[in-house]
Amino acid sequence: MKDFNYYSPTQVVFGRQSEEKVAELVKKYGGTKVLVHYGGGSAKKSGLLDKMLRLLDEKGISHIELGGVVPNPLLSMVYKGIDLCRKEGVDFILAVGGGSVIDSSKAIAYGACYDGDVWDFWNGKSTPQAALPIGAVLTIPAAGSEMSDSCVITKDEGLLKRGVNSDLCRCRFAIMNPERTFTLPPYQTAAGATDIMMHTMERYFSRHQDMTLTDAIAEALLRTVMNCTLDVMHDPEDYRARAQIMWAGSLSHNNLTECGLEKDFATHRLEHELSALFGVTHGAGLAAIWPSWARYMLPRHTSRFVRFAVNVMGVENDFTSPEQTAEKGIQAFETFMHRIGMPITMKEIMGREVTDEEIEIMADKCSRAGSITIGSLEKLSKKEMIEIYRLAK
Ligand code: NZQ
Ligand code: ZN
């Protein structure tokens with residue numbers, strides 16, 4: 001078992017009435033002038049945004065708004081937010097939306113407390129020393145940003161998608177009302193569920209395989225998300241299923257499923273290049289890459305894939321052929337992805353084959369021109385990244 005330091009400071013307020021608490025929570029964490037940050041329109045359309053503004057008004061909390069965050073959020077929007085925070089003396093950011101809005105808020109929170117160019121944190125020139133406090137009102141369970149220490153931003157110029165990790169950006173509170181996810185289109189629901197599964201699987205497939213408690217939590221989480229996703233595909237207003245997916249989304253990325261293990265995250269790194277270059281939905285990109293990563297890893301880590309096949313995907317263990325059992329687990333994952341409308345190759349997302357030149361570009365960016373490796377189960381060089389992208393074509 002690997003030593004660990006588990007830190008998860010976000011106050012979670014979960015349930016049907018949770019949004020009513022927003023102003024009280026902003027006050028509790030010191031907000032007097034709030035930037036309310038949101039996305040392309042879903043929060044406006046549903047009335048959630050107006051409700052948040054009204055509740056802040058009722059408690060006499062001054063606020064300004066900045067909407068228009070796009071999926072795979074852009075640095076240009078972050079600069080806008082930083083300028084606004086400085087000009088208006090903002091001391092708290094309220095993110096109303098999903099991972100993209102929360103990550104944009106986190107980046108603004110860093111930038112508002114930094115004298116240089118905020119991108120310095122993503123290109124390794126500097127590390128964050130301070131951030132404005134943030135609260136989240138979550139509308140899509142997926143990225144887990146509401147409890148994670150991670151902030152993923154795309155630099156418009158060169159389409160560089162990068163993550164920065166620091167406890168400073170962890171949300172002070174996360175309001176989660178599963179009813180707010182009823183309006184999610186099936187594709188976003190499925191992509192979100194895939195991302196949640198992948199945050200768990202990227203930790204489950206670890207070199208440290210003697211943490212049975214963490215493994216059991218991960219397996220239960222994965223089975224729950226799969227069952228509940230099928231339920232909400234059938235009935236989008238199934239509160240019980242929506243609630244479990246929502247909570248699983250937070251637990252999958254707040255490091256609970258990492259205790260005693262070592263995260264891999266190679267599939268994530270490969271996917272970030274795909275969504276940076278082509279703007280595809282993050283969860284769908286993960287679905288397209290994982291089966292190829294898994295088949296690449298299977299020969300060297302067969303027993304782990306057997307455990308996944310049997311305990312998560314419900315495959316019967318064929319003790320005479322572990323390889324076959326493991327392969328059946330990957331196939332069962334692919335079948336599930338197709339059932340919920342997710343792709344299992346890049347061609348299925350793009351509607352065309354990704355070219356060798358495009359693969360070279362993605363692998364080059366992912367490996368920083370061949371200077372770094374990714375992953376921990378096996379460390380992947382640029383050459384191996386190309387092989388996996390080719391398998392995922
Ligand atoms: O922009 P609006 O109009 O709000 O629409 C959004 C968006 O189009 C829509 N949506 C959200 N809630 C809705 C809704 N539509 C109807 N009803 C609702 N209740 O869903 C679309 C996707 O939203 P987005 O925030 O982009 O999704 P997600 O939470 O998956 O975030 C994706 C981003 O997070 C990054 C991803 O790479 C990507 O950039 N990640 C962040 C992580 C982190 N900070 O810890 C970890 C992840 O691995 C991931 O990399
Ligand atoms: Zn993810």
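Counting starts at 1 for both ligands and their atoms, in listed order. Excluded from the calculations below are hydrogen atoms, water molecules and symmetry mates; all remaining heavy atoms, backbone and side chain alike, are included.
For atom 45 (O) of ligand 1, the closest non-hydrogen atom of the protein is Ser148 OG, 2.7 Å. Nearest to atom 49 (C) of ligand 1 among the protein's heavy atoms is His282 NE2, 3.4 Å. Scanning the protein heavy atoms around atom 34 (O) of ligand 1, the nearest turns out to be Ala143 CB, 3.6 Å. The single protein non-hydrogen atom nearest to atom 38 (C) of ligand 1 is Asn72 OD1, 3.6 Å, given as residue, atom name and distance. The single protein non-hydrogen atom nearest to atom 8 (O) of ligand 1 is Pro71 CG, 3.7 Å, given as residue, atom name and distance. Nearest non-hydrogen protein atom to atom 26 (O) of ligand 1 is Ser100 OG, 2.6 Å. At the top of the distance list for atom 37 (O) of ligand 1, counting protein heavy atoms only, stands Lys161 NZ, 2.8 Å. From the protein, the heavy atom lying nearest to atom 41 (C) of ligand 1 is Asp103 OD2, 3.1 Å.
How far NE2 of His253 is from CG of Leu256: 13.0 Å, rounded to the nearest 0.5 Å.
Inclusion of His253 in the first shell of the Zn ion (ligand 2) is not supported: no N, O or S atom falls under 2.8 Å. With 2.8 Å as the limit, Asp195 counts as an N, O or S neighbour of the Zn ion (ligand 2).
Residue contacts with ligand 1, taken as heavy atom pairs separated by less than 4.0 Å, involve His253 solely via side-chain atoms from C-beta onward.
Backbone and side-chain nitrogen or oxygen atoms of Ala142 are examined, and none is located within less than 3.5 angstrom of a nitrogen or oxygen of ligand 1. For the pair Thr181 and ligand 1, the shortest N or O to N or O distance does not fall below 3.5 Å. In terms of N/O distances under 3.5 Å, ligand 1 is not approached by Gly144.
Met147 and Val152 fall into different hydrophobic clusters, where Ile, Leu, Val, Met, Phe, Trp and Tyr side chains are chained together by heavy-atom contacts under 4.5 Å.
A salt bridge is defined here as a Lys NZ or Arg NE, NH1 or NH2 lying under 4.0 Å from an Asp or Glu carboxylate O, and Arg207 with Asp264 fails to meet this definition. Ion pairing between a basic and an acidic side chain is recognised when a charged N comes within 4.0 Å of a carboxylate O; Arg16 and Glu179 show such pairing.
Side chains of Asp149 and Tyr7: no donor on one and acceptor on the other come within 3.5 Å.
Checking each of Val164, Leu160, Val78 against Ile153 for a side-chain contact (heavy atoms from CB on, under 4.5 Å) leaves exactly one that passes, namely Val78.
The closest approach between any non-hydrogen atom of Gly192 and ligand 1 is not below 4.0 Å.
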